[in-house]
Peer 1: 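Below you'll find the structure I mean.
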Amino acid sequence: MRKGKYIISPTILWLLFFFLVPLLFVFGYAFMKNGLYGQINYSFTLENSKNVFDPLYIKVFWTTLWMAILTTILTLVIGYPYAYTIRVVSERWQRALLLLITIPFWINFLVRSYALIILLRSKGLINSLLLHLGIIKEPLQLLYNTPSVILGMVYTLLPFMVLPIFVAIEQLDQRKIEAAYDLGASPFKTFVYITLPLTMKGIYAGSVLVFVASFGMYIVSDIMGGSKVALIGNVIQNQFLSARNWPFGSALSLFLVVISIILIGLYYLATRRIGSENGGGK
C-alpha cells in the first residue's frame with residue numbers, strides 16, 4: 001500500500017503544482033480590479049463576475065457550447081465505428097488502424113492545422129480537384145467559416161474519442177455477446193442491449209475529453225476561422241494577451257470551468273442512467 005502511494009505521489013504533486021495552484025490564482029484574480037496600465041489592483045470586486053453575463057459574452061458562450069456539443073457528437077459518430085472496426089479486424093489490420101489514429105500525435109498541432117488549410121483553401125487540393133473534374137465552376141469557400149472550424153476540431157480531437165472507446169470494446173466479455181446470439185437476438189439488438197451499455201464508460205471518457213478540449217479551443221478557430229468565428233477561448237486569450245485584463249479573463253475562465261463541470265456532471269448522470277436501464281450500470 002505504501003509503495004502504491006510512493007508511485008502516485010509525483011503525479012499528485014505535479015497536478016497540485018501545475019493545475020490546482022494556477023487555478024487558485026485564476027480564482028483569486030477573478031475578484032480583483034484591473035489597473036490603468038494592465039496591472040492587477042489587489043482590491044475585491046464583483047464587477048468582473050457581472051460583466052461575464054453581458055449579452056455579448058453570453059452569445060459567445062452559447063456559440064462555443066453548441067459547437068463543442070456538435071464536435072463531441074460528430075467525433076462519437078465517426079469514432080465509435082472506427083474503434084469497433086479496430087476490434088473486429090485481424091491483428092495485422094488492427095495494428096495498422098491503431099497506427100493511423102495515433103500518427104497525428106506525432107505531428108505538431110499547428111502543423112496539422114495548417115495542413116488542413118492546404119487542402120481547403122481556394123487554390124487547395126479539394127477545390128483544384130473539383131474544378132479539374134468540372135464539378136464546380138469557381139472555388140468553394142471551405143475556409144474561414146463555422147463548418148471549417150468544426151471540421152478542424154473534429155479532425156484534431158478524433159483520437160481522444162477513438163482510443164477510450166477502443167479500450168472499452170477490447171474489454172468486452174464476448175461470452176455475453178455469444179449468449180445473446182444463442183438466444184436469438186439480432187445483431188442490432190445485441191449492439192443496443194449488450195455492446196453499447198458495456199462500452200458506455202469508454203463513450204463517457206471519450207466524450208468528456210473531446211468536450212472539454214473543444215469547449216476551451218481557440219487555436220483552431222484562429223487558424224481555420226480566420227478570426228471570423230469567435231469562441232470563448234479566443235475571448236479569454238485576448239483578455240490575457242491583448243487587452244491585458246487578467247481579472248476579467250480569469251472571471252471568464254472561472255465561468256468556463258464551472259459550466260464545464262456542471263455539463264460533465266449532467267452527462268455522467270445521463271449516461272449512468274442509460275447504462276442502468278440497459279443492464280450495464282454495474
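Sequential numbering from 1 along the given sequence is applied to the chain's residues.
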Peer 1: Side-chain contact test, heavy atoms from C-beta onward, threshold under 4.5 Å: evaluate it for Leu24 versus Phe19 and give yes or no.
Peer 2: no
Peer 1: Throw together a table of side-chain donor-acceptor distances under 3.5 angstrom for residues 112-125, partners on residues two or more places apart or in other chains.
Peer 2:
from   : atom 1 : to     : atom 2 : distance (Å)
Arg112 : NE     : Pro104 : O      : 3.1
Arg112 : NE     : Ile107 : O      : 3.3
Ser113 : OG     : Phe109 : O      : 3.1

Peer 1: Any pair with a residue in residues 205-219 that passes side chain to side chain donor-acceptor pair (under 3.5 Å), sequence neighbours left out, goes on the list, sorted by first then second residue, please.
Peer 2: Ser207-Tyr267
Peer 1: Looking only at non-hydrogen atoms, find the nearest pair between Ala83 and Ile165 and report the distance.
Peer 2: CB-CG2, 3.7 Å
Peer 1: How close do Val149 and Gly225 get, heavy atom to heavy atom, and via which atoms?
Peer 2: CG2-CA, 3.6 Å
Peer 1: Indicate, with yes or no, if Ile78 and Val89 share a hydrophobic cluster defined by side-chain heavy-atom contacts under 4.5 Å among Ile, Leu, Val, Met, Phe, Trp and Tyr.
Peer 2: yes
Peer 1: Which pair of heavy atoms, one from Ala251 and one from Ser49, lies closest together, and at what distance?
Peer 2: CB-N, 4.5 Å
Peer 1: I need the full list of side chain to side chain donor-acceptor pair (under 3.5 Å) pairs touching residues 63-87, with sequence neighbours left out, sorted by first then second residue.
Peer 2: Tyr80-Thr199
Peer 1: Give me the other members of the hydrophobic cluster that Val26 sits in, counting Ile, Leu, Val, Met, Phe, Trp and Tyr linked by side-chain heavy atoms under 4.5 Å, directly or via other members.
Peer 2: none
Peer 1: Can you get from Leu65 to Ile236 by hopping between Ile, Leu, Val, Met, Phe, Trp and Tyr side chains that sit under 4.5 Å apart?
Peer 2: yes
Peer 1: Locate the shortest heavy-atom distance separating Leu256 from Gly216; write the atom from each residue and the value.
Peer 2: CD2-CA, 4.3 Å
Peer 1: Under the ring pair (Phe, Tyr, Trp, His ring centres under 6.0 Å) definition, can you give me all pairs with a residue in residues 222-260, not counting sequence neighbours?
Peer 2: Phe53-Phe255, Tyr57-Phe248, Phe61-Phe255, Phe240-Trp246
Peer 1: Can you name the salt bridge (Lys or Arg N to Asp or Glu O under 4.0 Å) partners of Glu91, sequence neighbours left out?
Peer 2: Arg95
Peer 1: Sequence neighbours left out, what pairs pass side chain to side chain donor-acceptor pair (under 3.5 Å) with at least one residue falling in residues 148-160?
Peer 2: Asn145-Ser148
Peer 1: Determine whether a donor-acceptor pair (N or O, by modelled atom type, separation under 3.5 Å) exists between the side chain of Asn234 and the backbone of Leu231.
Peer 2: yes
Peer 1: Ignoring hydrogens and geometry, is there a side-chain-to-backbone donor-acceptor pair from Gln141 to Leu143 under 3.5 Å?
Peer 2: yes
Peer 1: If you link I, L, V, M, F, W and Y whenever their side-chain heavy atoms are under 4.5 Å apart, who else ends up in the same group as Val258?
Peer 2: Ile262, Leu266
Peer 1: Do Glu47 and Lys33 touch side chain to side chain, with heavy atoms closer than 4.5 Å?
Peer 2: no
Peer 1: What residue pairs, at least two apart or across chains, pass side chain to side chain donor-acceptor pair (under 3.5 Å) with a residue in residues 164-183?
Peer 2: Asp173-Arg175
Peer 1: Under 4.5 Å between side-chain heavy atoms, counting indirect links through other Ile/Leu/Val/Met/Phe/Trp/Tyr residues: same cluster for Leu99 and Met161 or not?
Peer 2: yes
Peer 1: Decide whether Asn41 and Asn34 meet the rule of one side-chain donor and one side-chain acceptor closer than 3.5 Å.
Peer 2: no
Peer 1: With rounding to the nearest 0.5 angstrom, report the CG to CG distance, Leu140 to Leu130.
Peer 2: 6.0 Å
Peer 1: For the side chain of Asn245 and the backbone of Gln239, is there at least one donor-acceptor N/O pair under 3.5 Å apart?
Peer 2: no
Peer 1: Tell me, please, which residues at least two apart from Phe25 pass side-chain contact (heavy atoms from CB on, under 4.5 Å).
Peer 2: Val21, Tyr29
Peer 1: May I have all residue pairs that pass ring pair (Phe, Tyr, Trp, His ring centres under 6.0 Å) and include part of residues 126-151, sequence neighbours excluded?
Peer 2: none
Peer 1: Testing the basics here: between Asn48 and Pro247, what is the closest heavy-atom pair and its distance to 0.1 Å?
Peer 2: ND2-CB, 3.4 Å
Peer 1: Any idea which heavy atoms bring Pro81 and Leu76 closest together, and the distance?
Peer 2: CD-O, 4.1 Å
Peer 1: With ILVMFWY side chains joined below 4.5 Å, transitively, what does Leu254's cluster contain besides itself?
Peer 2: Phe27, Phe31, Phe44, Leu46
Peer 1: Between Leu74 and Leu151, does the side chain to side chain contact (heavy atoms under 4.5 Å, CB included) criterion hold? Intermediate values first, please.
Peer 2: CA-CA 9 Å; Leu74 289 175; Leu151 174 64; over 6 Å; no
Peer 1: Quick one: does Phe166's side chain get under 4.5 Å of Ile169's, heavy atoms only?
Peer 2: no
Peer 1: Yes or no on side chain to side chain contact (heavy atoms under 4.5 Å, CB included) for Met32 and Thr45, after CA distance, side-chain angles and deciding distance?
Peer 2: CA-CA 6 Å; Met32 296 179 184; Thr45 180; 5.6 Å; no
Peer 1: Can you tell me how far apart CG (Leu70) and CZ (Phe211) are? Round to the nearest 0.5 Å.
Peer 2: 12.0 Å
Peer 1: Hey, could you give me the CG/CD1 distance between Leu198 and Ile177, rounded to the nearest 0.5 Å?
Peer 2: 7.5 Å
Peer 1: Hydrophobic clustering (ILVMFWY, side-chain heavy atoms < 4.5 Å, transitive) - are Ile103 and Val162 grouped together?
Peer 2: yes
Peer 1: Applying the 4.5 Å side-chain criterion to the ILVMFWY set and letting contacts propagate, would Ile264 and Leu269 be lumped into a single cluster?
Peer 2: yes
